[in-house]
Amino acid sequence: DNIHITLKDIDHLANTSFPLCMRHLFYKLREDHHLKHGGRMQFGLFLKGVGLSLDDALAFWRDEFSKKVGLDRFEKEYAYGIRHNFGKEGKRIDYTPFSCQRIISSVPSVGNHNGCPYRHFSDENLRAALGKMGVGGRSLDDVMDKVKNHHYQLACTLTFEAIHSSSCDTGINHPNQFFVESQKILQ
Ligand code: SF4
C-alpha cells in the first residue's frame, strides 16, 4: 500500500479512517497537548505506518507538545523519541507499528491512554466513544455483545462495518490494516 498522509490530512483522516484506539490517542493529544510514553509509542508508530514522514511527524508532535511543555523541552526530551521510532537514533531499529494482539494484551498504566478501548474502557466510556463515531442502535448492541464475550477484534470489525456501511470479511487484526481498508472504501 502506497498511502502517504501529510500533516493537513490528519484531522480529517482521524475522523474517517482511524480505529478507535488511535482516535482516542489523537483526541487526547489534541486535548492535553501531551501523551505519556505508552500512548506516544502506540500512536507514533501507527502514524509512521500510515505513511506520515519523519519531518511531518516531528512537526505534528512539536505543534502539540510545545503548547504544553514549550519548544525547548520538546526538542530536548521528546524529539529524540520520535526520531528513534523512525530508526534514526540509538540502535537504529526501524520499529513496526503494534498489532491488535499486542495492543489488546498490553496493560495501559494510568493516564497513558494506550491500549484497546474495546478491552480497556469501561462499558459506559466505550458506549460514549462509539456513539461519537456514529455507531448506535442495533450496531452498538452488537459491538457491546462482542466486547462482553471478550472478542475485541470482532467488536472493532463490527464497528468498521457500521461506520463504512460495508463488510470487512478479513476482520481487523491491525490498526494500520483498519486504516488501509477504510481508505480503500473511502478514496
Ligand atoms: Fe485498535 Fe485493534 Fe483494538 Fe481496533 S481491535 S481498537 S484496531 S487495537
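Read the numbers this way: they start at 1 and go in the same order the structure lists the ligands and their atoms. The analysis underlying the following values was restricted to heavy atoms, covering all of them including side chains, and did not include hydrogens, waters or symmetry mates.
- Under a 4.0 Å criterion applied to the non-hydrogen atoms of Ile103, ligand 1 contributes the atoms 8 (S).
- A centroid separation of less than 6.0 Å is found between the aromatic rings of His34 and Phe65.
- Closest to atom 3 (Fe) of ligand 1, if we only count protein heavy atoms, is Cys116 SG, 2.4 Å.
- The residues Arg127 and Glu124 are annotated as not salt-bridged, no charged nitrogen and carboxylate oxygen being separated by less than 4.0 angstrom.
- Protein heavy atom closest to atom 2 (Fe) of ligand 1, with residue, atom name and distance, is Cys100 SG, 2.3 Å.
- Near Pro19, meaning under 4.0 Å from any of its heavy atoms, are these atoms of ligand 1: 7 (S).
- Relative to the ring axis of Tyr118, Lys146 does not place its NZ or CZ within 45° and under 6.0 Å from the centre.
- Distances from ligand 1 to the non-hydrogen atoms of Phe178 include no value under 4.0 Å.
- Between the OG atom in Ser17 and the CZ atom in Arg23 there is a gap of 7.5 Å [rounded to 0.5 Å].
- Of all protein heavy atoms, the one lying nearest to atom 4 (Fe) of ligand 1 is Cys156 SG, 2.3 Å.
- Between Asn176 and Val50 there is a side-chain heavy-atom pair separated by less than 4.5 Å.
- Looking only at heavy atoms of the protein, atom 1 (Fe) of ligand 1 is closest to Cys21 SG, 2.3 Å.
- Taking the six-membered ring for Trp and thresholds of 30 and 60 degrees, Phe60 and Phe26 have nearly parallel ring planes, at less than 30 degrees apart.
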